[in-house]
Amino acid sequence: MRTDEFWQLIDRARAGAGGEPEAVAARAVALLAERDPAEIVGYAQHQRRVLSASYRVDLWGAAYLINGGASDDGFEYFRGWLMTQGRAVFARAVGDPDSLAELPQVRAAALSGEEFECEDMLAVPWEAYRKATATDLPAERDPVPVPDLNDFWDFDDEEEARRRLPRLAALFAEPPQE
């Protein structure tokens, strides 16, 4: 599966999902399960590459600010949610995590405390493969390496957050008053 096909499938899943991440994931499973098993494997491979490319310290910092914390799993689920937002939002956030401050739902979360996670999106290829073949998705022979994150910073350090992610820090380090 090519990059465009991967994101087109997600866009199709987003259509009619009402912006609900779990609904996007469910629709993605249904759409992907209609495809040849080899295409489902290709989707899984591409998803691993997308998740690897987004495994970045400043994006983790953004997830931490937005969600009020982000464990290893929490960061994975945040990136699952980010996938449900579509290619443009995802790519922009990977390149500039502070751009997430422009999303209306993120701005609203500064007041509401809403958290953004979608574990279901990470399971799409496994669920689709099981639905299509009644068997488990084959194990990846060559897993995508996880990047070294030696550039970690203290996500609780408000000064560092303001320096690295000024727009998000303005929303979440010192949330606006209601």
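Values reported hereafter were calculated over all heavy atoms of this structure, with side chains retained and with hydrogens, waters and symmetry mates removed.
Side chains of E115 and Y77 form no contact here, defined as non-hydrogen atoms less than 4.5 Å apart. L100 is listed as a side-chain neighbour of L59, based on a closest heavy-atom distance under 4.5 Å. M83 has its side chain out of reach of R79: every pair of non-hydrogen atoms, C-beta onward, lies at least 4.5 Å apart. With a 4.5 Å cut-off on side-chain heavy atoms, R49 and F6 do not count as touching. In this structure the side chain of R164 reaches within 4.5 angstrom of the side chain of W153, judged on heavy atoms. In this structure the side chain of Y129 reaches within 4.5 angstrom of the side chain of V41, judged on heavy atoms. Side chains of E160 and F155 form no contact here, defined as non-hydrogen atoms less than 4.5 Å apart. Residues M121 and L82 form no side-chain contact, since every pair of their non-hydrogen atoms from C-beta on lies 4.5 Å or further apart.
Counting only distance, with no hydrogens or angles, the side chain of D36 and the backbone of A38 share a donor-acceptor pair below 3.5 Å. A side-chain donor-acceptor contact under 3.5 Å links E5 to the backbone of R2. Without hydrogens or angle criteria, S54 side chain to V50 main chain gives a donor-acceptor distance under 3.5 Å. In this structure, R14 contributes its side chain and V24 its backbone to no donor-acceptor pair below 3.5 Å. A donor-acceptor pair is defined here as one N or O able to donate and one able to accept, closer than 3.5 Å; no such pair exists between the side chain of R130 and the backbone of L137. A donor-acceptor pair under 3.5 Å is formed between the side chain of Q47 and the backbone N or O of L122.
Listed by chain and number, the residues in a side chain to side chain contact (heavy atoms under 4.5 Å, CB included) with S71 are D73 (sequence neighbours excluded). The side chain to side chain donor-acceptor pair (under 3.5 Å) test applied to R167 returns D96, D98, E102, not counting sequence neighbours. Residues meeting the ring-ring contact (aromatic ring centres under 6.0 Å, His included) test with W126, sequence neighbours left out: none.
The minimum heavy-atom distance linking A62 with L168 is given by the pair CB-CD1, 3.5 Å. Here the closest heavy-atom approach between residue Q105 and residue Q85 is recorded as NE2-OE1, 2.7 Å. For the pair A169 and L65, the tightest heavy-atom approach, listed with the atom from each and the gap, is N-CD1, 4.1 Å. For the residue pair A28 and A13, the shortest heavy atom distance occurs at N-CB, 3.5 Å. Nearest heavy atoms, I40 versus P125: CG2-O, 3.5 Å. The shortest non-hydrogen separation linking A30 to E34 is O-CG, 3.4 Å.
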Report task. Assess whether side chain to side chain contact (heavy atoms under 4.5 Å, CB included) is satisfied between D4 and R87, documenting all intermediate values. Result -> CA-CA 9 Å; D4 288 341; R87 184 180 195 171; 2.5 Å; yes
Report task. Start with the C-alpha gap between T84 and I10, add the side-chain angles, then the distance that decides, and say whether side chain to side chain contact (heavy atoms under 4.5 Å, CB included) holds. Result -> CA-CA 7 Å; T84 69; I10 291 173; 5.9 Å; no
Report task. Would you please test E158 and F172 for side chain to side chain contact (heavy atoms under 4.5 Å, CB included) and show each step? Result -> CA-CA 10 Å; E158 289 182 15; F172 295 95; over 6 Å; no
Requested in this report: Check step by step if side chain to side chain contact (heavy atoms under 4.5 Å, CB included) holds for Q45 and M1.
Outcome: CA-CA 8 Å; Q45 291 168 340; M1 178 170 285; over 6 Å; no
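Note: F78 and F116 fail the aromatic proximity criterion, with ring centroids not under 6.0 Å apart.
With values rounded to the nearest 0.5 angstrom, R107 atom CZ is found 13.0 Å from S112 atom OG. We find the OH-CG distance between Y43 and L31 to be 10.0 Å, quoted to the nearest 0.5 Å.
For the pair K131 and E127, the salt-bridge criterion is not met [side-chain N within less than 4.0 Å of a carboxylate O].
Under the 30°/60° scheme for interplanar angles, the aromatic rings of W7 and F90 are found to be tilted.
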